[in-house]
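First the structure, in the form of structure tokens, and then the observations on it.
In this text the structure is predicted, and so the values were computed from the model without any measurement. First listed ligand is number 1; within each ligand, the first listed atom is number 1.
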Amino acid sequence: ALPLVSLPCTDKAQWPSKFPDCDGQIQSPINIDTNSTIFSRELPPVVLAGYNLDPSEQLDLMNNGHTVVLRLPGSLTIASGYPQEYRAMQLHLHWGSPEGPGSEHTVDGRRYDGELHMVYYNPSYGSIKEAMKQAGGLAVLAAFLQVGPEDNVHYQPVLEQLREVQEEGKETTVAGFNIRDLLPANLVRYYRYSGSLTTPPCFQTVNWTVFNQTVLLSKEQISLLETTLQGDDDKDLQNNFRLTQSLHGRKVLASFQ
Ligand SMILES: NS(=O)(=O)c1c(F)c(F)c(SCCc2ccc(C(=O)O)cc2)c(F)c1NC1CCCCCCC1
Ligand SMILES: [Zn+2]
């Protein structure tokens, strides 16, 4: 994981004082008002390469106190869908609690049960640290998690390890599997907008893709996510989503009509 700074994740009101970008006008997440999105023919299907990881590859899974992070090899790339190539860094999840849903983005005011974020950086900026500060330096592929009728077997490699990283700071490893299977089947229909990291330092350098098709997990799987992890001082790690931010005039594009 990236030991950036010790983050005052709890008190979001304090964020801007220590991390001025958090007060910026290009912040994420946002509510996607489907009546105001603009159809763009320029948005090709997202094409991914290198996602089918061999089981001999061990991936770090960590509870960093704010979410559960699976570190990804840079060999996973977004081969098309963006003007430049992006390399994977990590994926993590956002969720709610047994009392309510926890996606970060909302669609027409609807909050989904959870949200998957796959985070990438633009290698042309040399290092991750440098890319984070450059416009378009980062890309996040986001997919909504929704309760469906049966277990999603593709999420089991991560969910069955949650107990191993119950406490903040705990790490374990997960054998390689096909990371592509964590995303929706349809990578053709998505929303695209310019935004930020949804946590300090809130850098406004993220090219966001939010897929239209959701990922279905069983109620038990969503519940496991909501009730297993602990954050700061052993409190339940729940509702780790930031409230939606103003668009300040930004347009949200859609790859579909
Ligand atoms: N939605 S998001 O992508 O903005 C996001 C969150 F909302 C997140 F909440 C997080 S986790 C909180 C930030 C954090 C805390 C501790 C550590 C550590 O101990 O290593 C690392 C990071 C989190 F890690 C991320 N993504 C990270 C943002 C921080 C660093 C930039 C590159 C990786 C993406
Ligand atoms: Zn996130």
Side-chain angles (χ1 to χ4, degrees), residues 1-12 14-16 18-19 21-22 24 26-30 59-74 76 78 86-96 101-106 111-123 125-145 158 165 167-172 182-183 193-211 215 225 229-233 235 237-245:
L2 280 160
L4 264 175
V5 282
S6 66
L7 294 166
C9 270
T10 40
D11 181 359
K12 295 187 167 70
Q14 291 307 310
W15 286 5
K18 285 192 72 175
F19 305 99
D21 286 15
C22 298
I26 316 177
Q27 289 292 293
S28 295
I30 59 166
L59 306 173
D60 286 336
L61 186 75
M62 176 187 187
N63 172 350
N64 67 19
H66 310 276
T67 181
V68 58
V69 180
L70 184 67
R71 287 185 60 78
L72 297 172
L76 276 63
I78 302 178
Y86 282 101
R87 290 214 188 118
M89 292 167 60
Q90 52 112 293
L91 66 82
H92 60 272
L93 300 169
H94 297 270
W95 58 87
S103 67
E104 294 220 290
H105 290 86
T106 57
R111 191 177 301 283
Y112 287 88
D113 296 306
E115 192 166 325
L116 162 71
H117 287 163
M118 282 194 192
V119 187
Y120 303 76
Y121 73 99
N122 182 335
Y125 291 122
S127 72
I128 291 174
K129 214 162 154 39
E130 202 37 51
M132 276 200 271
K133 296 177 189 133
Q134 307 291 334
L138 296 177
V140 179
L141 298 182
F144 293 116
L145 309 180
V158 173
V165 294
E167 292 81 30
E168 177 180 13
K170 288 287 287 280
E171 293 198 41
T172 186
L182 297 176
L183 289 164
Y193 80 97
S194 294
S196 73
L197 294 172
T198 65
T199 187
C202 306
F203 290 149
Q204 301 186 122
T205 57
V206 181
N207 235 323
W208 279 93
T209 295
V210 180
F211 292 110
V215 173
L225 192 52
L229 300 179
Q230 292 168 358
D232 306 330
D233 47 65
K235 276 199 312 238
L237 178 45
Q238 296 177 331
N239 301 309
N240 60 348
F241 60 91
R242 187 188 193 188
L243 295 179
T244 52
Q245 306 291 305

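Atoms of ligand 1 found under 4.0 Å from any heavy atom of M89, numbered from 1 in the order shown, are 32 (C), 33 (C). When each atom of ligand 1 is checked for a heavy atom of E104 under 4.0 Å away, the hits are 1 (N). Close approach of ligand 1 to Q90 (heavy-atom distance below 4.0 Å) involves ligand atoms 24 (F), 26 (N), 27 (C), 33 (C), 34 (C).
Scored by the salt bridge (charged side-chain N to carboxylate O under 4.0 Å, His left out) test, R87 finds E85 as partners (sequence neighbours excluded). Qualifying side chain to side chain donor-acceptor pair (under 3.5 Å) partners for Y86, counting only residues two or more places apart in sequence or in other chains: N207. In this structure E167 satisfies the salt bridge (charged side-chain N to carboxylate O under 4.0 Å, His left out) test together with K170, sequence neighbours excluded.
From H66, atom NE2 reaches atom CG of D232 across 5.5 Å, with rounding to the nearest 0.5 Å. The CG atom of L138 lies 9.0 Å from the CG atom of N122; values are rounded to the nearest 0.5 Å. Here NZ of K12 is found 10.5 Å from SG of C202. Values are rounded to the nearest 0.5 Å.
Ring planes of W208 and Y193: parallel class, angle under 30° (limits at 30 and 60°).
A donor-acceptor pair shorter than 3.5 Å can be found between the side chains of Q27 and Q204. In this structure, a donor-acceptor pair under 3.5 Å is absent between the side chains of T205 and Q134. For the residue pair H94 / E115, no side-chain donor-acceptor distance below 3.5 Å is found, with atom types taken as modelled.
Contacts of M132 with ligand 1, taken as heavy-atom pairs under 4.0 Å, involve the side chain alone. Looking at T67 against ligand 1, only its side chain comes within 4.0 Å, counting heavy atoms.
Counting only protein N, O or S atoms, 3 lie closer than 2.8 Å to the Zn ion (ligand 2).
Taking all heavy atoms of V68, I128, T198, L91 into account, the minimum distance to atom 7 (F) of ligand 1 is reached by T198. By heavy-atom distance, the residue among H92, H66, K129, H117 lying nearest atom 3 (O) of ligand 1 is H92.
For the ligand labelled ligand 1, residue R242 lies outside the 4.0 Å heavy-atom shell.
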